[in-house]
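Counting from 1, the numbers follow the sequence of the chain as shown.
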Amino acid sequence: MAIIVNLDVVMAKRKISSSELAEKVGITSANLSILKTNKAKAIRFSTLNKICEVLDCRPADILDYKKEDEK
């Protein structure tokens, strides 16, 4: 997948745990784990919005794009 999720990096910078973020965003820890490990096929804009709100960041801080051959 060409979209890279850097959620764990932003979470580390903000010193927030997975369980705390999941609770504040309103998603399960399992779904947050899927996002963090780049296994998600999609993300709802409402979820992305809430993550950005809680982490005080922009979507570009969490999501990155790499061409398939750059991996």
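- Judged as a side chain to side chain contact (heavy atoms under 4.5 Å, CB included), and not counting sequence neighbours, the contacts of Asn31 are Thr28, Ile34.
- Inter-residue side-chain proximity for Leu32 and Val25 is flagged as unmet; no heavy-atom pair is nearer than 4.5 Å.
- Under the rule for a salt bridge (Lys or Arg N to Asp or Glu O under 4.0 Å), Asp61 has no partner lying at least two apart in sequence or in another chain.
- In this structure Glu23 satisfies the side-chain hydrogen bond (donor to acceptor under 3.5 Å, both in side chains) test with no other residue, sequence neighbours excluded.
- With rounding to the nearest 0.5 Å, the separation of SG in Cys57 from CG in Leu7 is 8.0 Å.
- One distance of note links CD1 of Ile27 with CG of Leu21; it measures 6.5 Å at 0.5 Å rounding.
- Two residues are said to be in side-chain contact when any heavy atoms from C-beta on lie closer than 4.5 Å; Val54 and Ile16 meet this criterion.
- Under the side-chain hydrogen bond (donor to acceptor under 3.5 Å, both in side chains) criterion, Ser33 pairs with no residue at all, not counting sequence neighbours.
- Note that CD1 of Ile62 is 14.5 Å distant from CD1 of Ile4, once rounded to the nearest 0.5 Å.
- Listed by first and then second residue, the salt bridge (charged side-chain N to carboxylate O under 4.0 Å, His left out) pairs that reach into residues 12-21 are Glu20-Lys24, sequence neighbours excluded.
- Applying the side chain to side chain contact (heavy atoms under 4.5 Å, CB included) criterion to Glu53, with sequence neighbours excluded, gives Asn49, Lys50.
- Here the CD1-CE distance, from Ile51 to Met11, works out to 9.0 Å after rounding to the nearest 0.5 Å.
- Side-chain contact between Val5 and Leu63 is present, with at least one heavy-atom pair separated by less than 4.5 Å.
- Tyr65 and Val10 fall within the same hydrophobic cluster, defined by Ile, Leu, Val, Met, Phe, Trp and Tyr side-chain heavy atoms under 4.5 Å apart, directly or through other members.
- Among all heavy-atom pairs drawn from Ser19 and Ser29, the shortest one is CA-OG, 4.2 Å.
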